[in-house]
Every structure is written in C-alpha cells, then in structure tokens.
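What follows is a set of notes on a single structure, which appears directly below.
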There are 2 protein chains.
Amino acid sequence: MSTKSSPRASQRSRTASPNRRERATDHRAAGAAAAPTFKPIHTRRTFEEICERIREQLALGVLKPGDKLPAERELAQQLGVSRNVLREALRSLEMAGVLRLQKGVKGGAFIQQGDTRRMNEVMRDMLSLGTISVRELSEARVHVLDLVVQLACANARRADLDALEANIERTELATKEGRLLDRVECSREFYKLLAASTGNKVIAMIVDSVTEIHMRFVYAKVASSGVAMARLAEKRRQFLAALSERNVELASRLLRSHLESVQRMLEQDPGAMSLHVALADVQPGMRR
Amino acid sequence: MSTKSSPRASQRSRTASPNRRERATDHRAAGAAAAPTFKPIHTRRTFEEICERIREQLALGVLKPGDKLPAERELAQQLGVSRNVLREALRSLEMAGVLRLQKGVKGGAFIQQGDTRRMNEVMRDMLSLGTISVRELSEARVHVLDLVVQLACANARRADLDALEANIERTELATKEGRLLDRVECSREFYKLLAASTGNKVIAMIVDSVTEIHMRFVYAKVASSGVAMARLAEKRRQFLAALSERNVELASRLLRSHLESVQRMLEQDPGAMSLHVALADVQPGMRR
DNA sequence: AATTATTAAATGGATCACCCATTCAATGGA
DNA sequence: TCCATTGAATGGGTGATCCATTTAATAATT
C-alpha cells in the first residue's frame, strides 16, 4: 500500500450512472391507442454494445488488422463503463478471433488477421450440442470434398502440388516408422493443403472445419484400435497424379472411393466410436 | 471517497495462485535429442480454462441443452475463481451461442440449442478483417449452391417444396406492391428454405452463412439504387418446377444463370458498392 | 375463497478499488 | 560497449458492494 497518495481522479463525481440507459420504465402513457403489447426482446447489455461498437469500427475500416485499441483503463473511461465490463467485451472479441490481448508495456488489444480456425469451433459446438449430427457432417464433407477436387483440378498451382507431394512423403515416412498417429496428422494436413489449393479461402475454411472434426474420429479410432488404412501413401500418389493431370473424373473417383473405405473403417465396431471420446479435449498433435 | 472505512477482507489469503497451471515448462524428457527451442504458445488464462472445462462437460454429454449451470456466485466458488473472471468465461460462451444468461430468481446460465447463425458472424468477421474477399465469398456461394441444387433434387420433401412455393407467392405480392426491400428479404428466405431442403444442416448452415452476407450487398444495392431483378418470381417458379421434377441439370442451369445476372446487377456502378456499407450494422429487416 | 398487492430472496448486471505478473524502455554501473 | 537494474504501463485477477429483474411466498383486500 505504498501509493496511498494515488492522485486517482477520485471524484467519480457520480458520472457513473448517466450512461446507463434510463430504464424507460414503461411509464407508457399507455392510454390512447392500444399500443400493442410488444416489448423489446431483451434489454441490451453494455458488453454487447461495446462489441458491436468495435465490430462497427472494423466493418467501416476505421480499425484494421494490426491496429491497437486504447489501453483497457483508458478505453473504459472513454466509453464510460467499468473496466470489468469492458474486459467482458474484449474477452468475447478475443474468443471470436478478432482481437489478441498482449500483456506488458507496449501490450494492448490488437486487431488480428482473421483466424480461420474459428469455424472449427462452431462445428464442434454444434456437434456437442446435438444441433448437427456426425452423419450430416460426414455427408457434407464428402460432398464438399468433391467440389474441392473440381476446383483444385482447375486452380491448383505448382506450389500446391509440391506441398501435397511433400506431405505424401511425410506420410510414407510415418508409415515406415510405424508412427500411426503422426500419419493421421499427415492426413489432416493433406486435406488442408488440398483445400488451400482451390485458391478460395472460404471453401478452404469450410473444408478445414469439417475435416478437423472428422480427423478427431479417425484419431480416436486409430489410437484405440491400432488399425490403419492400408496403402495410404500409394492411394495419395495416385490421387495426386490425377490432380496434376487435371483429370477431374479420375481424381474425384479416387478420393470418393478412399473416403468410403475410411468410413467403413470408422464404422466397424461402432460401439467404440463415441462422440464424446472424439470431441472431448484436444488430442496431442491436434493442438493449435 | 466516502467509504474509506471499507472493511475489505484484506488478507487475500494467498489462495489465488494455486489454481494456476504451473507452466508445464515442457520438461519432456524429449528423448535426449536436442529439445529444440519451442515455448508454449502463451500462458493459459483462467477464463480459457473455464470455457474449456464447460465445453468438455458438453462434449462428454454431462451438460445438455436446457441444463442450467450453478449460479455465478456458487460456480465461482466451486471453481475457486472470482466472480468477475467467471463472468468473462460465461460471456464468451454466451457469444458463442452455447449459453443463454437469464436474470432474476430462477434465472441462470442455460445451455442452448445450437445457434446456427453463429457461422454468419464468423464469415462477417473474416470479411471485415480482410481474411476473405467478397470475390471468394461469391465464388464459394455459387459452387455451394450448385451442390445444394443436387442435394435438394435428391432429398427435398413435399413440405420443403410447399414452403418454397409459399415463399414465391410472398415474393410476387411484394413485387406487385413495390416493396423492393421486402423482396430482398424474401430472397434471403428462399435460399434458406432451399438449403434446408437438402436435409443436411451442415450444408444448410454453410449456405446460410454465405447467403446472409451476399444478401447484405443486394440489400444495400437495392436500397441505394432502387434497381430490382426483373421477372424474379417467374424465374423462381421455373426453378421450383425443375426442382420438383428432380431435374438436376435444368435446375442447376436456371439457378446458375440467375446468380450470374444478380452478379452483373451488383457489379454495375461498382463504386457505390462498399464493403463497409454492406457490412456496417444490421439493416432493418435483416434483424435476427 | 378468490384475487390482488406487497415483500423478500435469488440472480445476473455493473462498478470500484485494489493487487499481481509480465514486458520493455530507460537508466546506470562494470 | 555491454549487461544488470529499475520502473512504469499493461493485461490478469480478486473481493466487496450495489443495482435491476424476476419469481415465489405472503399479506391485504374484496
């Protein structure tokens, strides 16, 4: 308690309340024309207001990635709210991938480059909450991947194909050394690279989100049963060859058939495949 | 400074730190081989831990939609954290659509049915942040809708087709009465219904998210220029007829051609079409 | 007895005033 | 010149306190 002398602007001067919405206590002179009984859905809370305010600045282009917001204490004062409630808003925006908070002097709240992994979390929550089913997810994945193959055949660049080639080599190595779980990780990466080769980040984001979940299941299956897809690298090479030749038909057929065999693998001994096992916590190697 | 007498329980009792993770400083015996210089990405904060803990319960099925979490004061005590930081976590989960907080006795934090609109927000943020471009979004939308037509032809039920029919009637009415912006709202609904008719909520969610953004542009365009797509309802009827006959080729062709003409409409006088105008705030009629 | 006010308790919403740990630039000594 | 020290700024976190809303129990009224 050394700084008892803190020159804290101690007045506070009762400026705290004025910014509160004045409750509009429904003194509706209600008489006259029967104002039909509709109330606003629910009173807007300050943190929502703050989030929206910041998102607005973002949409307007006033705030751009890399920019820094004022320090918490200062921003709170500017907005006329307490630091705690401001932090609730910042937290939400941070979880949304919009901000990154950094400690220390020269720290602060920085606008982020968008984090595409956020969609993964949406999918995961929807699955956890039972809003979507594993079946729907798998089905969507098959269809979207089919689309990806088309686009990749049309748009994949040399660098994309090289990256896929390198990935296959890692897969071969992992297979040779018996590192099954690493191989699953390679698969995850394979689809990520494939998605990226479409040249469309929206598509890529979508594919990544459904693939991330799918791979959790594969991971859980492999980890628990020790089974592994046979001739994986070989199949990948065939697929990549078709892709390189821009042979949509063949590439599409190969991938679809592979997906089906993976699906069969997952579905044998279905009792072991629990949604909870696959979703619960972050597996090693799946870390962000 | 009236309350100088505050009997603040100043002991603080040093119970604050024990719940912190002890950094897990990667003492992994790392197989002797030169542990390369990697540090944990950043220290885990309590609110993240809390969020994860709750999500874990969700994934495990311990918590289900409709369930209520303990009251803030109690839960904070159970977790050994302050109420403030617990609230940061709850806020984040609320924004994520996982929880809903309700005031009053008998209030509390209730697990929600998943809110599929959350993906819209992700897309919006990605666009605001410049992570994805409007072009990518439009392109993805065209491709995904093509897929939707295939699936809808295969899976649409009578009820789905009826809903689309009803939507077209509303569109006709809006056209007749010159309510152009309402007609845009009808369009948004049309695609929502179309997406739903695939029978796959994952696909539907994806389509909704890209369509929601797209419709903001259309809305802004119509609102500012007063132009309107000609023969809209007529085209919709043709499309619906093809869909009803499960004629994928025709339906696909009709939709694609329509999308192209909309695109042309949006692109004329491009100067007026600002990303910011379209994204900033919620337009009337687009309210959730 | 039925209905209507009133009250009280529980709960989320918000604020204040702190303290701590981290970070980094400025400072100062070797 | 280089390295250690210091100190201020900043996010992370705490605990006490008050407010507003909601609901059930209770009392008052008809």
Side-chain angles (χ1 to χ4, degrees), chain A residues 1-4 6-26 39-40 42-50 68-77 79-91 94 99-110, chain B residues 1-21 23 39 42-50 68-77 79-91 94 99-110:
Chain A
M1 274 309 170
S2 50
T3 62
K4 237 330 39 111
S6 74
R8 185 179 308 290
S10 53
Q11 50 282 48
R12 294 198 43 59
S13 63
R14 309 283 77 247
T15 60
S17 24
N19 73 314
R20 288 271 69 71
R21 247 93 35 264
E22 45 270 16
R23 296 278 32 302
T25 15
D26 253 63
K39 301 184 59 177
H42 83 333
T43 62
R44 183 74 133 267
R45 291 161 297 177
T46 35
F47 89 98
E48 293 178 291
E49 194 81 27
I50 297 171
K68 192 176 93 165
L69 262 47
E72 290 184 355
R73 290 163 177 84
E74 188 189 342
L75 185 52
Q77 198 172 19
L79 293 168
V81 301
S82 78
R83 201 182 147 209
N84 281 327
V85 77
L86 170 64
R87 297 192 67 197
E88 289 179 12
L90 295 180
R91 277 287 116 85
E94 191 189 12
L99 295 179
R100 184 179 116 254
L101 273 62
Q102 197 165 13
K103 259 209 276 195
V105 58
K106 292 295 168 188
F110 296 86
Chain B
M1 277 304 173
S2 49
T3 62
K4 225 12 336 152
S5 60
S6 74
R8 187 177 306 293
S10 53
Q11 54 278 49
R12 298 190 51 60
S13 65
R14 312 281 76 248
T15 61
S17 23
N19 72 318
R20 291 268 68 71
R21 244 87 37 264
R23 299 296 301 58
K39 303 184 58 177
H42 82 336
T43 63
R44 184 78 132 266
R45 291 160 297 177
T46 34
F47 89 97
E48 295 177 290
E49 193 79 28
I50 297 171
K68 192 177 93 166
L69 262 47
E72 288 185 357
R73 291 162 176 82
E74 189 190 339
L75 186 52
Q77 197 172 18
L79 293 168
V81 301
S82 77
R83 202 183 146 207
N84 281 325
V85 77
L86 169 63
R87 290 182 53 122
E88 289 180 11
L90 294 181
R91 277 286 115 85
E94 190 189 14
L99 295 179
R100 184 180 114 255
L101 273 61
Q102 196 165 17
K103 261 211 275 196
V105 59
K106 291 295 167 186
F110 297 86

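Worth knowing before you read on, the calculation uses all heavy atoms, side chains too, and leaves out hydrogens, waters and symmetry mates. Letters A, B, ... are given to chains in the order of the sequence lines, protein chains preceding strands, and every chain is numbered from 1.
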Can you tabulate the close N/O pairs, meaning under 3.5 Å, that link protein atoms to atoms of nucleotides 6-12 of chain C?
from	atom 1	to	atom 2	distance (Å)
dA10(C)	N3	V105(B)	N	3.3
dT11(C)	O4'	G104(B)	O	3.4
dG12(C)	OP2	E72(B)	N	3.0
dG12(C)	N7	R73(B)	NH1	3.0
dG12(C)	N7	R83(B)	NH2	3.2
dG12(C)	O6	R73(B)	NH2	2.9

Margin query: Between P on dG13(C) and CD on E48(A), what's the gap in Å once rounded to a whole number?
Written below: 9 Å
Next item on the list: Under the side-chain contact (heavy atoms from CB on, under 4.5 Å) rule, collect the residues that match up with Q77(B), sequence neighbours excluded.
Entry: none
Margin query: From CD of E88(B) over to C1' of dG13(C), roughly how many Å is that when rounded to an integer?
Written below: 14 Å
Check: Starting at CG of L79(B) and ending at P of dG13(D), how long is that distance when rounded to a whole Å?
Finding: 13 Å
Next item on the list: Nearest whole angstrom, please: distance from the C1' of dA9(D) to the CG of L75(A).
Entry: 16 Å
Next item on the list: Could you walk me through whether L69(A) and L90(A) pass side chain to side chain contact (heavy atoms under 4.5 Å, CB included), step by step?
Entry: CA-CA 10 Å; L69(A) 262 47; L90(A) 295 180; 4.0 Å; yes
Checklist line | Presence of S82(B) side-chain N/O under 4.0 Å of dG13(D) phosphate oxygens OP1/OP2 | finding: no
Check: Between dC18(D) atom C1' and N84(A) atom CG, what is the distance in whole Å?
Finding: 14 Å
Check: Whole Å only: how far is the CD1 atom of I50(A) from the C1' atom of dA14(C)?
Finding: 11 Å
Next item on the list: Write down the distance between CG (L90(A)) and P (dG11(D)), rounded to a whole number of angstrom.
Entry: 8 Å
Next item on the list: For R73(A), check side-chain contact (heavy atoms from CB on, under 4.5 Å) against everything at least two apart and list the hits.
Entry: R83(A)
Check: For E74(A), which residues count as a side chain to side chain donor-acceptor pair (under 3.5 Å) partner, sequence neighbours excluded?
Finding: Q78(A)
Next item on the list: List in chain and number order the residues that pass side chain to side chain donor-acceptor pair (under 3.5 Å) with E88(A), two or more places apart in sequence or in another chain; answer none if no residue qualifies.
Entry: R87(B), R91(B)
Next item on the list: Check whether any side-chain N or O of K68(A) sits under 3.5 Å from a backbone N or O of G107(A) as a donor-acceptor pair, and report yes or no.
Entry: yes
Notebook entry, point to check: R100(A) CZ to dG12(D) P: how many Å, rounded?
Noted result: 11 Å
